[in-house]
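Below: the structure, in structure tokens.
Quick note: numbers below take in every heavy atom, side chains included, and nothing from hydrogens, waters or symmetry partners.
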Amino acid sequence: KTLHWDGSTWNIKGFDSSKLFDLQTFRANTLWDFYQLLLSKADNPRVCLFRNIVIGDKPLRSVRRLTRPRENHAATLQDIPTRLIIADIDDGDVPSDVMLKGPEAACLYIRDTLLPDEFKGASAVWQATSGLGIKPGPRVRLFFASERPVSIVQAKAWLKGIADSAPFNGATPTYIA
């Protein structure tokens, strides 16, 4: 999404209709490794994250992001259980006094109050999303590393009704700039 200030209001332009992507698998063994990866890519608004791995051993160039073959195109991404859990929180019931303390306080509140018990006190990397301060709600993303690989079905079930389910929908990009 791109946001443009016209002097009185923010205008939000949705995602472009990109069909072709360059895909590469990055492995992060720890939450710290993942944080370093996010930092290394944060300045590029064209970089996004998929909760999948690239099919094959080499990076793919100018391909569709598909988890199954479609319209004469081979699948390029494979859903696998992974230790990365993404909680994309747009509309959370975060008290205004917590929101006034800033996004980090909102993330701590979400982790310890709104998310299931398994997340309470867990280490996380957080990131503000493009709507923070423009749209209502916390508008943050929390990344957790689970002790064991978690399927998309499990992660969706844990976060149902709390987090946006888009990061778990196969080949949906999560933009990280």
**OP:** Side-chain contact test, heavy atoms from C-beta onward, threshold under 4.5 Å: evaluate it for Ile89 versus Ile162 and give yes or no.
**Re:** yes

Original post:
Between the side chain of Thr67 and the main-chain N/O of Ala171, is any donor-acceptor distance below 3.5 Å?
Top reply: no

Original post:
How about Pro138 and Ile110: do any of their side-chain heavy atoms sit closer than 4.5 Å?
Top reply: yes

Original post:
Where is the tightest heavy-atom contact between Asn29 and Asp33, given as atom of each residue plus distance?
Top reply: N-OD2, 3.3 Å

Original post:
With sequence neighbours excluded, what pairs up with Phe50 under the side chain to side chain contact (heavy atoms under 4.5 Å, CB included) test?
Top reply: Phe21, Leu23, Cys48, Asn52, Arg65, Leu77, Pro173

**OP:** Mind checking the OG-CG spacing from Ser151 to Asp79? Nearest 0.5 Å is all I need.
**Re:** 10.0 Å

Original post:
Measuring from Gln36:CD to Leu31:CG, what's the distance to the nearest 0.5 Å?
Top reply: 10.5 Å

Subject >> CA sep, side-chain torsions, deciding dist, call: Asn44, Tyr175, side-chain contact (heavy atoms from CB on, under 4.5 Å) >> reply: CA-CA 10 Å; Asn44 187 343; Tyr175 287 90; over 6 Å; no

Subject >> 4.5 Å side-chain heavy-atom contact, Val125 and Leu38 >> reply: yes

Subject >> Candidate list Val94, Val140, Leu108, test side chain to side chain contact (heavy atoms under 4.5 Å, CB included), partner Pro103, passing option >> reply: Val140

Original post:
For Arg27, does the CZ atom sit with more than 12 other heavy atoms under 6.0 Å from it, leaving out its own atoms?
Top reply: no

Subject >> Asp91/Arg139 salt bridge by N-O under 4.0 Å criterion >> reply: yes

Subject >> same_hphob_cluster(Phe143, Trp32) at 4.5 Å side-chain heavy-atom cutoff >> reply: yes

Original post:
Does atom CD of Glu147 have more than 12 heavy-atom neighbours, drawn from other residues, nucleotides or ligands, at distances under 6.0 Å?
Top reply: no

Original post:
Residues two or more places apart in sequence or in another chain: which of them pass side chain to side chain contact (heavy atoms under 4.5 Å, CB included) with Ser40?
Top reply: Leu37

Original post:
Is the shortest distance from a Lys or Arg side-chain nitrogen in Lys120 or Asp112 to a carboxylate oxygen in the other one below 4.0 Å?
Top reply: no

**OP:** Would you indicate whether the side-chain heavy atoms of Arg64 and Glu71 approach each other to under 4.5 Å?
**Re:** yes

Subject >> Shared hydrophobic cluster, Ile152 / Leu66 (ILVMFWY, side-chain heavy atoms < 4.5 Å) >> reply: no

**OP:** Group every Ile, Leu, Val, Met, Phe, Trp and Tyr by side-chain heavy-atom contacts under 4.5 Å, then state whether Met99 and Leu142 land in the same group.
**Re:** yes

**OP:** Please report the shortest heavy-atom distance between Ile86 and Leu159, naming the atom on each side.
**Re:** O-CD1, 3.6 Å

Original post:
How far apart are the closest heavy atoms of Ser146 and Val150, and which atoms are they?
Top reply: OG-CG2, 3.3 Å

Original post:
Considering only heavy atoms from C-beta outward, does the side chain of Phe119 approach that of Ile85 to under 4.5 Å?
Top reply: yes

**OP:** Rounded to the nearest 0.5 Å, what's the gap from CG on Asp90 to OG1 on Thr129? Could you check?
**Re:** 5.5 Å

Original post:
Of the non-hydrogen atoms in Ser123 and Phe144, which two are nearest, and what is the gap between them?
Top reply: O-CD2, 3.4 Å

Subject >> For Arg83, all residues meeting side chain to side chain contact (heavy atoms under 4.5 Å, CB included), sequence neighbours excluded >> reply: Ala145, Pro149

Original post:
With the 4.5 Å side-chain cut-off for hydrophobic clustering, are Trp158 and Leu114 part of the same group?
Top reply: yes

**OP:** Evaluate the criterion side-chain contact (heavy atoms from CB on, under 4.5 Å) for residue pair Thr76 and Ile55; output intermediate values, then yes/no.
**Re:** CA-CA 5 Å; Thr76 53; Ile55 294 174; 5.8 Å; no

**OP:** Treating Ile, Leu, Val, Met, Phe, Trp and Tyr as nodes and any side-chain heavy-atom pair under 4.5 angstrom as an edge, say whether Leu49 and Leu39 lie in one connected cluster.
**Re:** yes

Original post:
For the salt bridge (charged side-chain N to carboxylate O under 4.0 Å, His left out) test, which of Lys156, Arg51, Arg141 pairs with Asp88?
Top reply: Arg141

Original post:
Do Thr25 side-chain atoms and Val54 backbone N/O form a donor-acceptor pair below 3.5 Å?
Top reply: yes

Subject >> Worked verdict on Tyr109 versus Lys101 for side-chain contact (heavy atoms from CB on, under 4.5 Å) >> reply: CA-CA 11 Å; Tyr109 180 87; Lys101 293 176 184 173; over 6 Å; no

Subject >> Lys41 vs Phe26, side-chain contact (heavy atoms from CB on, under 4.5 Å): CA-CA, chis, key distance, verdict >> reply: CA-CA 12 Å; Lys41 305 296 181 192; Phe26 290 93; 3.9 Å; yes

Subject >> Sub-4.5 Å side-chain heavy-atom contact between Phe34 and Leu84 >> reply: yes

Original post:
Which atom pair, heavy atoms only, marks the closest approach of Ala166 to Thr172?
Top reply: O-CB, 3.3 Å

